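Not measured: the values here are computed from a predicted model. Letters go in sequence order (proteins before strands), and every chain restarts at 1. The figures here come from the full heavy-atom set of this structure, side chains too, leaving out hydrogens, waters and symmetry mates.
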Amino acid sequence: MNINLLNKSGPCRWTLKKNGSMNVDAVFFGDVNIILQLDETTVRQVRDVASLPGVAGPVCVMPDAHSGYGFPIGGVAAFDVDHGVISAGGVGFDISCGVRTLTTGLKRQDLFSCDVKLADALFKKIPAGTGVGGAIHLDGNLMDEMLSGGAAWVVGRKMGRPEDLGRIEGNGRNEFAAPSKVSAKAKQRMINQLGSLGSGNHYLEVQYVEKIFDNEKAAGFGVEVDDVVVSIHCGSRGLGHQIAKDYLPLMVDAAPGFGINLPSKDIACAPINSQLGKDYWGAMGAGINCALANRQVLTHLVRECFAEILPQADLKLIYDVSHNTCQKEKFNINGRTKTLYIHRKGATRALGPGHKELPDEFKKIGQPVIIGGSMGTSSYILAGTDESADLSFSSCCHGAGRTMSRIKARKCFKGKKVQKELGRQGIIIRSGSINGIAEEAPSAYKDINGIIKSTEQAEISKAVARLRPLLCIKG
DNA sequence: ATGTAC
């Protein structure tokens, strides 16, 4: 974008003053290169979001931002509880897509003699790929129980440990979920998908801790150099997708009746206090629970797999955090505490130290913020900062962000070659889709290290540990 | 992201 339109408001922080139809400013986070590379569609989408009714405080744009459906991916927008809107496009199609990371109690050397065996066992055990069903069949009341109970329901069915729940955003359950607001079609699509990875950039990785940036916080999160960890990145599968598909046109059609002049039809939103807004809020909550339950079932499968191959392993959850949600949170605006609906689309909640929602063990150090890299590149564990509450509604980036479309990546790279090259780097890839590997080639993504650097310089999170992949299971 | 088109 044209950097001359922006005022530098701090390190890696740039303000676009409200103009035209915008109701609030927008703040872009990133170094000069990141800002210059932002395309016009993304900037237009940021303006569109800033033009919506009841938008409170600046629209925030993360260093990994790119254009999305209506809202930009990497966008954070807060809406006033009384006058604001909730947007299906502001949450996205993959409701509550997110990442969780577990420690294993193992060191990198423990895998030297059994890495291929572990990769094959995980690939056999973890359902992955488009349309691939999961481990659980949700008939009778089980679907609605899962949609109400999230990861807590899964743990109640003996697929997980009670202590897992304190390490999940919202204690593993969205309390506002309303399964009755989810269509029969959405539920039908999910009936055999719980406990499956899906495709695209979703993955399960066994990684090791390559570098520690903050010893005290790393100790608090339970990680040291050379520790083996497991990360799971996936979402709400067909259910979340269908919820978005169901509600987007309803919101577009209803907008004129609410007196909302949509800047783009893709942005689709409804007043928070309208029946449609409330219905979406309940359906989205059910979608959140579905994603939390999905990651919990997958965790159970991973634990079973390790128990077979490396029985000395003990898989403990560090944290599970989503990056496609809308959540009701309290923030200080102009000296007053306000309840806001925070949309984070491709942005991660990053609560600073002392926040009351954090488990006691994280109160001093801040929330673990798990940032998944692309296949074959680094992932990061960050910690939330105090500053982010005022700067970005306690949010930061979510990943690397693509530099080219999937179609272009398929033309540029050959899956087999990518797999071979990663193999030379000591990374074992297992996937049912050779085209999928080409689409996810590391060169199709931005440099994650640069994004983390900007995130840190902007003070919206602090780096704690860098993870390198050893094995990767992809859809 | 997605029963990669209804």
_Touch class at under 4.0 angstrom, heavy-atom based, for A:Lys185 against every strand present_ = base
*Listed by chain and number, what are the side-chain contact (heavy atoms from CB on, under 4.5 Å) partners of A:Val302, not counting sequence neighbours?*
A:Leu122, A:Ile126, A:Leu204, A:Val230, A:Ile232, A:Phe306, A:Leu315
*Flag the pair A:Asp164 and A:Lys316 as a salt bridge only when some basic side-chain nitrogen lies within less than 4.0 angstrom of an acidic carboxylate oxygen.*
no
*A:Lys474 NZ to B:dT2 P, straight-line distance once rounded to whole Å*: 11 Å
*Which part of the nucleic acid, if any, lies within contact of A:Gln193, taking any heavy atom under 4.0 Å across all strands shown: a base, the sugar-phosphate backbone alone, or nothing?*
sugar-phosphate
_Rounded distance in Å - CG (A:Asn324) to C1' (B:dT2)_ = 13 Å
*Please walk me through it: do A:Glu329 and A:Arg349 pass side-chain contact (heavy atoms from CB on, under 4.5 Å)?*
CA-CA 11 Å; A:Glu329 297 172 21; A:Arg349 194 190 69 170; 3.9 Å; yes
*Nearest whole angstrom, please: distance from the P of B:dC6 to the CG of A:Asp246.*
13 Å
*Rounded to the Å, how far apart are A:His241 NE2 and B:dC6 C1'?*
14 Å
*Regarding A:Ser96 and A:Ser322, is there a side-chain donor-to-acceptor distance under 3.5 Å anywhere?*
yes
*To the nearest angstrom, how far is A:Phe93 atom CZ from B:dT2 atom P?*
12 Å
*Distance test, side-chain N/O of A:Ser199 to OP1/OP2 of B:dT4, below 4.0 Å*: no
*Short side-chain N/O contact to B:dA5 OP1/OP2 from A:Lys245, under 4.0 Å*: no
*CG of A:Leu197 versus C1' of B:dT2: gap in Å, rounded?*
15 Å
*OP1 or OP2 of B:dT4 less than 4.0 angstrom from a side-chain nitrogen or oxygen of A:Arg406, does that happen here?*
no
*Tell me which nucleotide among B:dT4, B:dT2, B:dC6 gets nearest to the side chain of A:Thr130.*
B:dT4
*Whole angstrom value for the distance that separates P of B:dT2 from CG of A:Leu239*: 12 Å
_Integer-rounded Å distance: B:dT4 C1' and A:Ile407 CD1_ = 9 Å
*State which residues pass side-chain contact (heavy atoms from CB on, under 4.5 Å) with A:Ser388; sequence neighbours excluded, sorted by chain then number.*
A:Thr385, A:Ser392, A:Ser394, A:Ile460
*Assign each of A:Arg410 and A:Gly200 to its nearest nucleotide of DNA chain B by heavy atoms, then name whichever residue's nucleotide is nearer the 5' end.*
A:Gly200
